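Take a look at the structure set out below.
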Amino acid sequence: SVLLLRTCLVLLAFPIYLLSFLGVWEPFCRKVFFPFILDKICATHDKKSKKHKLELFRNLPDFRSPSGELRLLEIGTGGGSNFQFYPLGCKVTCTDINPNFQESLTKNMKKNQHLHYERFLVAAGEDLHQVPSGSVDVVVCTLVLCSVQSVGSTLREVLRVLRPGGAFYFLEHVAAEHSSWKYFWQQVCFPTWKLVFAGCCLTRELWKNLEEAKFSELKVQHISLALPWTPIEPHIVGYGVK
């Protein structure tokens with residue numbers, strides 16, 4: 001039944017599969033479709049997740065360096081929807097593999113002038129070689145680990161760039177319980193969803209990757225954020241300390 005329903009979705013999305021085969025979809029998705037649709041999804045997601053993010057980022061000031069500065073690096077900054085949650089004077093380095101979010105990023109930077117924006121790096125989470133080891137106090141990653149090529153490599157880079165005692169903050173959608181209808185529909189939607197949404201994987205059990213990453217302290221909470229007509233309701237939120 002999963003294969004049958006997957007086939008039905010493929011037929012419905014056949015023009016996108018054809019454009020992908022012709023090599024047209026990926027550049028169009030990166031430059032036009034994904035920045036546009038992510039801006040819309042993030043607006044809805046931010047409303048649903050605001051109370052969780054307020055609670056999550058509440059203790060960010062606890063991870064200031066001995067000098068009193070808070071140097072924060074965000075992986076997959078996108079349009080900058082998290083800026084509003086960062087504390088006054090925080091020094092922010094933005095990174096994203098896709099440089100096509102300029103419009104919404106500029107808008108959110110102007111809205112959040114309580115922050116110091118140091119630089120923007122076009123970089124994948126698996127390769128942050130432009131960031132020196134042990135140079136940041138906090139790394140933030142929200143709705144990004146679903147689409148990186150390698151979760152393990154990304155978490156190794158996170159631990160490398162963090163100073164000892166620094167923290168990694170995350171909020172990510174994850175696989176549902178395997179016995180649930182939610183997981184059934186995640187399996188059905190998986191191939192088409194991944195193609196349409198720039199490599200986003202619906203069935204990653206990211207809490208397992210975090211447990212394997214060997215943080216000295218790890219806090220993970222499973223929550224539910226219902227987004228209409230999407231299979232990304234199950235989420236995890238928390239932070240790990242190096």
Side-chain angles (χ1 to χ4, degrees), residues 29-30 32-61 70 72-117 120 125 138-148 154 158 167-176 182 186 189 193 196-202 204 206-207 210 219-239:
C29 181
R30 286 172 58 85
V32 180
F33 176 77
F34 194 60
F36 171 79
I37 200 68
L38 190 65
D39 194 44
K40 304 302 179 187
I41 291 175
C42 279
T44 303
H45 192 274
D46 285 344
K47 291 178 183 177
K48 299 280 187 178
S49 65
K50 186 171 184 178
K51 67 176 183 179
H52 297 289
K53 286 187 176 182
L54 285 169
E55 178 62 24
L56 172 65
F57 295 126
R58 180 176 54 83
N59 68 339
L60 271 176
L70 181 65
L72 183 150
L73 180 145
E74 183 166 2
I75 298 175
T77 304
S81 62
N82 288 327
F83 292 162
Q84 60 185 303
F85 302 105
Y86 300 157
L88 177 69
C90 179
K91 294 185 174 181
V92 181
T93 296
C94 305
T95 73
D96 205 298
I97 196 172
N98 187 344
N100 297 295
F101 294 96
Q102 294 96 331
E103 185 177 344
S104 53
L105 184 64
T106 301
K107 181 175 69 175
N108 277 314
M109 289 174 74
K110 288 179 179 177
K111 281 184 181 178
N112 296 280
Q113 296 187 19
H114 65 290
L115 305 175
H116 297 296
Y117 302 100
F120 181 92
V138 169
V139 176
V140 173
C141 189
T142 61
L143 300 184
V144 173
L145 293 179
C146 59
S147 55
V148 296
T154 300
V158 167
F168 172 56
Y169 286 76
F170 54 87
L171 190 155
E172 300 284 345
H173 70 82
V174 293
K182 292 173 187 174
Q186 285 179 335
C189 296
W193 183 275
V196 173
F197 293 101
C200 175
C201 297
L202 292 171
R204 286 184 174 173
L206 295 172
W207 63 91
L210 288 161
K219 296 183 182 296
V220 181
Q221 181 183 3
H222 289 256
I223 61 173
S224 179
L225 295 176
L227 298 177
W229 303 103
T230 71
I232 58 171
E233 182 175 338
H235 284 63
I236 56 170
V237 60
Y239 66 93

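Predicted model, so just to flag it, every value in this text is computed and none were measured.
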Distance-minimising heavy-atom pair for [X] and [Y]:
| X | Y | result |
| --- | --- | --- |
| V32 | P35 | O-CD, 3.5 Å |
| P99 | R30 | CD-NH2, 4.2 Å |
| S81 | D46 | CB-OD2, 3.2 Å |
| H173 | C201 | CE1-O, 3.5 Å |
| F101 | G78 | CB-O, 3.4 Å |
| L225 | S49 | CD1-CB, 3.7 Å |

Once rounded to the nearest 0.5 Å, what's the spacing between atom [atom1] of [X] and atom [atom2] of [Y]?
| X | Y | atom1 | atom2 | answer |
| --- | --- | --- | --- | --- |
| H52 | I223 | NE2 | CD1 | 4.0 Å |
| E233 | Q186 | CD | CD | 9.5 Å |
| C146 | E172 | SG | CD | 6.0 Å |
| K111 | T106 | NZ | OG1 | 12.5 Å |
| N82 | Y169 | CG | OH | 12.5 Å |
| N100 | L105 | CG | CG | 11.5 Å |

I'd like to know whether L56 forms a side chain to side chain contact (heavy atoms under 4.5 Å, CB included) with Q221, so could you lay out the CA-CA distance, the side-chain angles of the two residues, the decisive distance to 0.1 Å, and finally the verdict.
CA-CA 10 Å; L56 172 65; Q221 181 183 3; over 6 Å; no
Main chain of T95, side chain of T77: is a donor-acceptor contact present, judged purely on distance under 3.5 Å?
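A pair under 3.5 Å: yes.
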Where do D96 and C94 land on the side chain to side chain contact (heavy atoms under 4.5 Å, CB included) test, with the steps shown first?
CA-CA 7 Å; D96 205 298; C94 305; over 6 Å; no
Counterpart residues, salt bridge (Lys or Arg N to Asp or Glu O under 4.0 Å), relative to D39 (two or more places apart)
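Here no residue qualifies.
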In chain order, what residues pass the salt bridge (Lys or Arg N to Asp or Glu O under 4.0 Å) check against E55, with sequence neighbours excluded?
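With neighbours one apart ignored, the set is R58.
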Show the numbers, then the answer: is there a side chain to side chain contact (heavy atoms under 4.5 Å, CB included) between V158 and I75?
CA-CA 9 Å; V158 167; I75 298 175; 3.7 Å; yes
Report the residues that fulfil side chain to side chain contact (heavy atoms under 4.5 Å, CB included) with P87, sequence neighbours left out, ordered by chain and then residue number.
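P87: side chain to side chain contact (heavy atoms under 4.5 Å, CB included) contacts with L60, P61, R64, L70, C90.
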Taking the six-membered ring for Trp, are H45 and H235 ring centroids under 6.0 Å apart?
yes
Fit a plane to each ring of F57 and Y86, take the angle between them on a 0 to 90° scale, and name the class: parallel (under 30°), tilted (30 to 60°) or perpendicular (over 60°).
perpendicular
F33 vs F197 aromatic rings, parallel, tilted or perpendicular, using cut-offs 30° and 60°?
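Judged by the thresholds at 30° and 60°, the geometry between F33 and F197 is tilted.
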Worked verdict on F85 versus K50 for side chain to side chain contact (heavy atoms under 4.5 Å, CB included)
CA-CA 9 Å; F85 302 105; K50 186 171 184 178; 4.1 Å; yes
F170 and its side-chain contact (heavy atoms from CB on, under 4.5 Å) partner, picked from L143, L210, T142, V237:
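That would be L210; it is the only one of L143, L210, T142, V237 passing the side-chain contact (heavy atoms from CB on, under 4.5 Å) with F170.
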Hey, which of C200, S147, C29 is the one that makes side-chain contact (heavy atoms from CB on, under 4.5 Å) with F34?
C29
Just wondering, are more than 12 heavy atoms of other shown residues or ligands nearer than 6.0 Å to CD in E103?
no
